[in-house]
Amino acid sequence: QVQLVESGGGLVQAGDSLRLSCAASGRTFSRYAMAWFRQAPGKEREFVVSLPGSTGDSDYADSVKGRFTISRDNAKNTVYLQMNSLKPEDTAVYYCAVRPRGFGSRVASAYDYWGQGTQVTVSS
């Protein structure tokens, strides 16, 4: 059974940093694309960033480009999201997702596996 477990969320002030982790189990995801999405209260789930399974560039939403960085540790089957210079508008539940393809997508329905989410709250 495939499981994704996010961690690292919390309450921070504007300008602070957080690092989210997403640990995958049940399958080796080294060749699969992984992504982070977020959902704020009353809003639709929003693409944040995707990382291809092998070679290729990450794809960042304009709203986080230059502030967020995605990375993966294939030995640990874990993907990370380093979030710097956080803003109140980054407040949301953050979800990691896995797509059983080598290339990522900005569309949530392209991903087959999802974590339960971790809350990030940024106060002004």
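Quantities reported herein were computed from a predicted structural model and do not represent experimental measurements. What's counted below: heavy atoms across the whole structure, side chains too, no hydrogens, waters or symmetry copies. Positions are given from 1 along the sequence.
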Measure across [X] and [Y] and return the closest heavy-atom pair with its distance rounded to 0.1 Å.
| X | Y | value |
| --- | --- | --- |
| Ala108 | Trp114 | O-CZ2, 3.3 Å |
| Leu86 | Arg67 | CA-NH1, 3.9 Å |
| Ser58 | Val49 | CB-CG2, 4.5 Å |

Item to check | Joint hydrophobic cluster, Tyr80 plus Val64, side-chain heavy atoms closer than 4.5 Å | outcome: no
Item to check | ILVMFWY network linking Tyr111 to Val107, side-chain heavy atoms under 4.5 angstrom | outcome: no
Checklist entry - When rounded to the nearest 0.5 angstrom, what distance separates OH in Tyr95 from CH2 in Trp36? => result 12.0 Å
Item to check | Pairwise distance SG(Cys22) to CD(Gln3) - rounded to 0.5 angstrom | outcome: 10.5 Å
Checklist entry - Given the side-chain rings of Phe37 and Phe47, with only the six-membered ring counted for Trp, is the space between their centroids under 6.0 Å? => result yes
Checklist entry - Hey, does the side chain of Thr121 reach the backbone of Leu11 with a donor-acceptor pair shorter than 3.5 angstrom? => result no
Checklist entry - Is Arg106 salt-bridged to Asp59, going by a charged N under 4.0 Å from an acidic O? => result yes
Checklist entry - With a 4.0 Å cut-off, would you call Asp62 and Lys65 a salt bridge? => result yes
Next on the checklist: Using the rule given for side-chain contact (heavy atoms from CB on, under 4.5 Å), can you reason through Lys87 versus Ser63, listing the C-alpha separation, both sets of side-chain angles and the distance that settles it, and then say yes or no?
Outcome noted: CA-CA 10 Å; Lys87 305 175 181 180; Ser63 58; over 6 Å; no
